[in-house]
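Since the structure comes first, as structure tokens, the remarks are kept for the end.
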Amino acid sequence: MTATRISGTAHAESLRAEIGLGVANLKASHGVTPGLAVVLVGEDPASQVYVRNKIKQTEAIGMRSIHHLLPAETSAAELLAVIDQLNTDPTIHGILVQLPLPAHLDPTVVIETIDPAKDVDGFHTHNVGLLWTEGAGFVPCTPLGCLHLLHSVRRDLAGLHAVVVGRSNIVGRPMAALLLNASCTVTIAHSKTQGLPDLCRSADILVAAVGRPQMIQGDWIKPGAIVLDVGINRIQAPNGTTRLVGDVDFEAALAIAGAITPVPGGPGPMTIACLLANTLEAAKRSVSK
Ligand code: GUN
């Protein structure tokens, strides 16, 4: 049997259409245009691509987009001053500081400076705490996108064993919290976990977020499992050409899993769509305060 391919591209498109309607409604009902500020420090090429995409999609959906592209030498005081100014700007509802930051800037200090009501990344400890206590904070965009994709193939996740491979603050930990909130039995695996293949084989839902190309092999997957591959790794073929692959050996997994996301075109496109959803939500909350 071949697994169902879960298209993040298609789901992101329909989510964006829904958000576009929400943006138009908010403008019509309250005269408010959701505003997103994106801050990039330095010239990391991958971050530049992500930020350009975020700006483009924010504008395309009818939101206000502003950006601060700051030099790599920007001091902590200068960056915090930019964030303070955005915190008090009533036309800005969401603030995103692209990670990773240059080594001299402490991401924790930077994230904690963002007003939690504008923290559309869901990285501030206020929002992290709300997520782990089933409160109504902002949820990090990549795991939120993964949850949408999971629900597209299975509405009720209660009682399923979910294994999340990876414990980052951006994906692994918030993904585990979301799955726990959906009444899954959750295991978080990481680089020190022993017996990873057997553990993966016990997963009804397997989320791979480790950043190691094709690490998860076909025979690590339980027949019929739902596999979400968050990895985006560029690999080089012997002839020198490069291509993007996930953390899962996709071709092998396709024959065993029940449903699986491809790379590219899986959780990736959902991340920006969820950022826009969080920004719309932040704008809505600002008018109902
Ligand atoms: N770097 C990689 N993913 C993300 C993300 O979701 N948000 C931010 N701010 N930086 C990132």
Side-chain angles (χ1 to χ4, degrees), residues 8 12 15 35-58 65-70 72 74 79-80 82-83 86-87 92-103 105-128 131 137-149 164 166-178 207-212 228-234 244 246-247 261 263-264 266-279 281-282:
L15 182 55
L36 175 66
V38 176
V39 181
L40 173 64
V41 187
E43 276 152 26
D44 176 65
S47 292
Q48 285 177 325
V49 173
Y50 289 134
V51 163
R52 262 201 303 275
N53 281 335
K54 285 169 186 172
I55 294 168
K56 212 166 74 186
Q57 292 195 32
T58 305
S65 167
I66 71 158
H67 53 270
H68 291 265
L69 306 179
L70 306 174
T74 301
L79 178 55
L80 298 190
V82 168
I83 296 171
L86 294 169
N87 280 341
I92 293 300
H93 306 96
I95 302 170
L96 178 145
V97 179
Q98 186 66 28
L99 302 177
L101 288 167
L105 296 170
D106 180 348
T108 306
V109 172
V110 172
I111 290 164
E112 294 301 303
T113 304
I114 298 171
D115 177 352
K118 297 189 178 188
D119 170 38
V120 286
D121 255 328
F123 293 165
H124 191 290
T125 49
H126 178 85
N127 286 313
V128 175
L131 176 59
F138 289 108
V139 176
C141 304
T142 300
L144 186 57
C146 286
L147 188 69
H148 277 290
L149 295 179
V164 179
R167 57 175 157 178
S168 71
N169 290 334
I170 294 181
V171 184
R173 289 168 199 251
M175 186 76 242
L178 281 175
V207 182
V210 273
R212 294 186 53 188
L228 297 171
D229 189 353
V230 181
I232 302 177
N233 313 288
R234 189 166 286 284
L244 292 180
D247 292 346
T261 57
V263 176
M270 288 298 286
T271 297
I272 301 185
C274 288
L275 172 68
L276 300 175
N278 282 352
T279 304
E281 179 59 26

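Predicted, not measured: the structure shown is a model, and the values here were computed from it. Index from 1, following the sequence. Every number for a ligand or one of its atoms is a count from 1 in the order of the listing.
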*Does Val97 approach ligand 1 within less than 4.0 angstrom via side chain, backbone, both or neither, non-hydrogen atoms only?*
backbone

*Heavy-atom gap Phe123 to ligand 1 smaller than 4.0 Å*: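 Phe123: in contact with ligand 1 (<4.0 Å).
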
_Audit row: Gln98, Asp44, side chain to side chain contact (heavy atoms under 4.5 Å, CB included) steps and yes/no_ = CA-CA 10 Å; Gln98 186 66 28; Asp44 176 65; over 6 Å; no

Close side-chain approach of [X] to [Y], heavy-atom, < 4.5 Å:
| X | Y | value |
| --- | --- | --- |
| His93 | Lys118 | no |
| Leu144 | Pro174 | no |
| Val41 | Leu105 | yes |

Option whose closest heavy atom lies nearest to [atom], chosen from [options]:
| atom | options | value |
| --- | --- | --- |
| atom 6 (O) of ligand 1 | Val38, Leu96, Asp121, Val51 | Asp121 |
| atom 3 (N) of ligand 1 | Val171, Ile111, Ile170, Asp44 | Ile170 |
| atom 2 (C) of ligand 1 | Val39, Leu99, Asp119 | Leu99 |

*Got the closest protein heavy atom to atom 11 (C) of ligand 1, with its distance?*
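Residue, atom and distance for the closest contact: Gln98 NE2, 3.5 Å.
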
*Pick from Leu178, Val230, Val171: which one makes a side-chain contact (heavy atoms from CB on, under 4.5 Å) with Cys146?*
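Among Leu178, Val230, Val171, the one meeting side-chain contact (heavy atoms from CB on, under 4.5 Å) with Cys146 is Val230.
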
*Option among Asp115, Ile111, Ile114 that satisfies the side-chain contact (heavy atoms from CB on, under 4.5 Å) test with Ile83*: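 Output: one option passes, namely Ile114.
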
*Do Thr142 and ligand 1 have an N or O pair less than 3.5 Å apart?*
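No, Thr142 has no N/O under 3.5 Å of an N/O on ligand 1.
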
